[in-house]
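We name chains A, B, ... by the order of the sequence lines, and we start the count at 1 in each one. All values below come from the heavy atoms of this structure, side chains included, with hydrogens, waters and symmetry mates left out.
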Number of protein chains: 4
Amino acid sequence: MGRREEKKRQKREAIESAGLELFLSQGYERASIEQIAASASIARGTFYLYYPTKLELFEALVDVWFEPLLKLLDEAEARLAISHTREESLAIYGEMTLGLATLGLNHESAVELAFRESRGGGEAGAAVRTRELRLQAASLRLTEVGAERGLITAPNPRLASLLILGAIERLFFEVLSDAEGLDDPLTLASGALAMLGNMLDLPTGIV
Amino acid sequence: MGRREEKKRQKREAIESAGLELFLSQGYERASIEQIAASASIARGTFYLYYPTKLELFEALVDVWFEPLLKLLDEAEARLAISHTREESLAIYGEMTLGLATLGLNHESAVELAFRESRGGGEAGAAVRTRELRLQAASLRLTEVGAERGLITAPNPRLASLLILGAIERLFFEVLSDAEGLDDPLTLASGALAMLGNMLDLPTGIV
Amino acid sequence: MGRREEKKRQKREAIESAGLELFLSQGYERASIEQIAASASIARGTFYLYYPTKLELFEALVDVWFEPLLKLLDEAEARLAISHTREESLAIYGEMTLGLATLGLNHESAVELAFRESRGGGEAGAAVRTRELRLQAASLRLTEVGAERGLITAPNPRLASLLILGAIERLFFEVLSDAEGLDDPLTLASGALAMLGNMLDLPTGIV
Amino acid sequence: MGRREEKKRQKREAIESAGLELFLSQGYERASIEQIAASASIARGTFYLYYPTKLELFEALVDVWFEPLLKLLDEAEARLAISHTREESLAIYGEMTLGLATLGLNHESAVELAFRESRGGGEAGAAVRTRELRLQAASLRLTEVGAERGLITAPNPRLASLLILGAIERLFFEVLSDAEGLDDPLTLASGALAMLGNMLDLPTGIV
DNA sequence: CATGAATGAGGTTTCATTCAT
DNA sequence: AATGAATGAAACCTCATTCAT
């Protein structure tokens, strides 16, 4: 039986969990492998049996949600491109949105980590930005397809997608930070959607 | 004569300029005092005659624009609170917006620096976040006063201010990054304003 | 059947072969057990079932040729001491020389390894030097016996043996390094013998 | 006054002295910067103010004598090439030999260090071998010029220069190792010269 | 005022060896 | 007998900060 492998899996998870927590609380640069190892209850050398580098641990943590995210966008775009009716298109949007929300909720901390490091100057920031470029490209393609289909009236899709990404990012970030004075996440989300829908001239009810 | 002090001032500016550039290009954590001193053409030890700590240089760089920014918001709020007519209120908003824009344009790099570090985990990030809290409080007060006066129809001022901050931040960030595929800054700004106005249900022309 | 032992023997040989190659190409200190094990297609832990220590593997590799070498010298000396005629003595020298050459050719790499490490400061160098002392003692005894028998005219046997050892060592080393500009090994060897014979005033034809 | 620089110079010498001693006693690879620093009575970080790398300290130690050595050979070759009489040529050889001996005696330990590391597998060995190639080229050119002038009868200059280098190297090495049973260095040297002269068929008295 | 030499804690990574499976 | 996960000491190197000159 995979007793041995079970243990390895647990240890790998302990490392990832410790890394996530420490990268978040201290920043990628300041979090030391020494700390991560200690927090995962392993020896410093053991860390390197699981990840060859601090950076690779970071990337693994980000890719856990980033790869599925890209897949969601790409699939939605593909399906949208061959959708026949407006109803169908809206349904695709809806499913995608649901998928995104689920993904985000399941990986809250890891998403926050990427946000936090995205503008840092070191290797972690560079890794995130590499991924961000791919995300923006996908997001842009999606907005364009939406505009072609008449789902969105924004005159400048690039700009619209930027504003939306930024607004959502900030919102998300604040919710994660447990900022006081905000409603519960669901109320917030629907409020935000309404306002962003306004922005895109979307008929209410669709969003 | 202020010959002595003139020299000191110049040296201080050289340090700040070097610090700004290096913090931006490498990140606060990775930029070393050694580099900053070399870039400012002074000795390592001389740095400490001007700033007792790396962190204090960073804070000084941020406060150059942050303190005036807060002052602008506070003044606008105070004047708004005692404004008598709708025209007067809109004028106050207009002046404030102009002041903000001017401030931002005059300190582009320093603002970008704060953005970049704001989510980092180290001491620089903490310093920025401390200031951010004060900014959000001021921004919230302002939005509330605006709502009271019927200038804004957003049902949730806290949320509205978050979304706007985020959208603008992202836009700003992209423009700074020289992202390709975007129009020139002015066109972008008016486009963004229109869309954000939409969001707040502002009658066009006001923004 | 010795099926079990046959396998062990093969594995031991694989380890020695891998160790020899890696010690040579990277140096004793830099070659890691990890590399050796991988190159021998065994697990790291398995290595220690065959050798208790990295150093002991090294010593085993050297002793493969060093012990026979000493034995050859000792035997020649013993036989020389009781030889009765000049012809007999020369024959003993000849046999010994043949044996030495055969030994060297059969263990080229292992000999080179010892040369390479002999002057290193670490534990491997110490191990080689321990053996070198025994070799020099034997070589000196032999030269002295040769001088007693009138086979060699060198006034200072100790010095002569040093010079010869050094010259041959360097020659050997260069040939191994595939230095360009040298003739083929056989031509070189006979040329070197002639010159060294000159040095010892040996009548040509003997060497 | 250069009080400051005087101290720096002393410290640099302390580092070089400590490095030389430790490289010799433990080998380049095993000697740690920690040890070198401690032995030079400085902090670990201070080491890096003088040498950016362990390797660069090593190279500096070797070049102290290696660069002058090359210069000696090159000059002798140049002067030999334009010498007119046999007496003149022999004088040039004599001066060169004197220069070499002086150089070697003045840098005994540093020369020994290079010998020791020359066959090691790491970066130090590589550094020495790079220099060795230049040395062999110079030595070969010199032997060839000597043969052209009829000073040497060796049929194969390349081989002759190898044998001589090796013999001298070994002799030198043994003397440095304080090997027992050897005469004093001067006696040894003249004995070795006589034997090597034999080897090259040089008329006695010239060497 | 200004310098830059000096410090030493702390960072990442490698590796010989042990030991539970 | 064989495995390879785990250990932790030790290596090289960087850097904010102090201080004698």
Separation of [X] atom [atom1] from [N] atom [atom2], in whole Å?
| X | N | atom1 | atom2 | result |
| --- | --- | --- | --- | --- |
| Q35(D) | dA10(F) | CD | P | 11 Å |
| I36(D) | dC13(F) | CD1 | P | 11 Å |
| E123(D) | dA11(F) | CD | P | 15 Å |
| I42(A) | dG4(F) | CD1 | P | 19 Å |
| L57(A) | dT13(E) | CG | C1' | 15 Å |
| K8(B) | dA2(E) | NZ | C1' | 11 Å |
| F58(D) | dC12(F) | CZ | P | 15 Å |
| Y50(A) | dT13(E) | OH | C1' | 18 Å |

If you define the side chain from C-beta out and look only at heavy atoms, does anything of [X] sit under 4.5 Å from [Y]?
| X | Y | result |
| --- | --- | --- |
| I33(B) | Y48(B) | yes |
| K8(D) | Y50(D) | yes |
| L49(A) | I42(A) | no |

Legend entry - Per-nucleotide protein contact string for nucleotides 16-21 of chain F (B base, S sugar-phosphate only, - none; heavy atom under 4.0 Å): SBB---

Is [X] reaching over with its side chain to a backbone N or O of [Y], donor-acceptor style, under 3.5 angstrom?
| X | Y | result |
| --- | --- | --- |
| R134(A) | T130(A) | no |
| Q35(D) | S32(D) | yes |
| S17(B) | A14(B) | no |

Inset, instruction - Please state whether the phosphate of dA2(E), meaning OP1 or OP2, lies under 4.0 angstrom from any side-chain nitrogen or oxygen of K11(B). - result: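 Checking dA2(E) against K11(B), a side-chain N or O does come within under 4.0 Å of OP1 or OP2.
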
Legend entry - Phosphate OP1/OP2 of dT3(E) contacted by T46(B) side-chain N/O (<4.0 Å):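 It does, given that an N or O in the side chain of T46(B) lies less than 4.0 Å from OP1 or OP2 of dT3(E).
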
Inset, instruction - Evaluate the salt bridge (charged side-chain N to carboxylate O under 4.0 Å, His left out) criterion for residues E5(C) and R9(C): first the C-alpha distance (whole Å), next the side-chain angles of each, then the deciding distance (0.1 Å), finally the verdict. - result: CA-CA 6 Å; E5(C) 274 149 32; R9(C) 204 183 48 76; over 6 Å; no

Legend entry - Pairing string, 5' to 3', for DNA chain F - Watson-Crick or wobble contacts under 3.5 Å, brackets [ ] where pairs cross, | to another strand: .||||||||||||||||||||

Inset, instruction - Using a heavy-atom cut-off of under 4.0 Å over every strand shown, decide if Y51(B) touches base, sugar-phosphate, or nothing. - result: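 No contact.
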
Legend entry - Polar side chain donor-acceptor pair, E123(C) to Y28(C), under 3.5 angstrom: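 The answer is yes; a qualifying pair exists.
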
Legend entry - Pair K54(B) + E29(B): basic N to acidic O under 4.0 Å: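 E29(B) and K54(B): not salt-bridged.
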
Legend entry - Among dA1(F), dA2(E), dT7(E), the nucleotide that comes nearest once only the side chain of L49(D) is considered: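 Nearest to the side-chain atoms of L49(D), counting from C-beta on, is dT7(E).
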
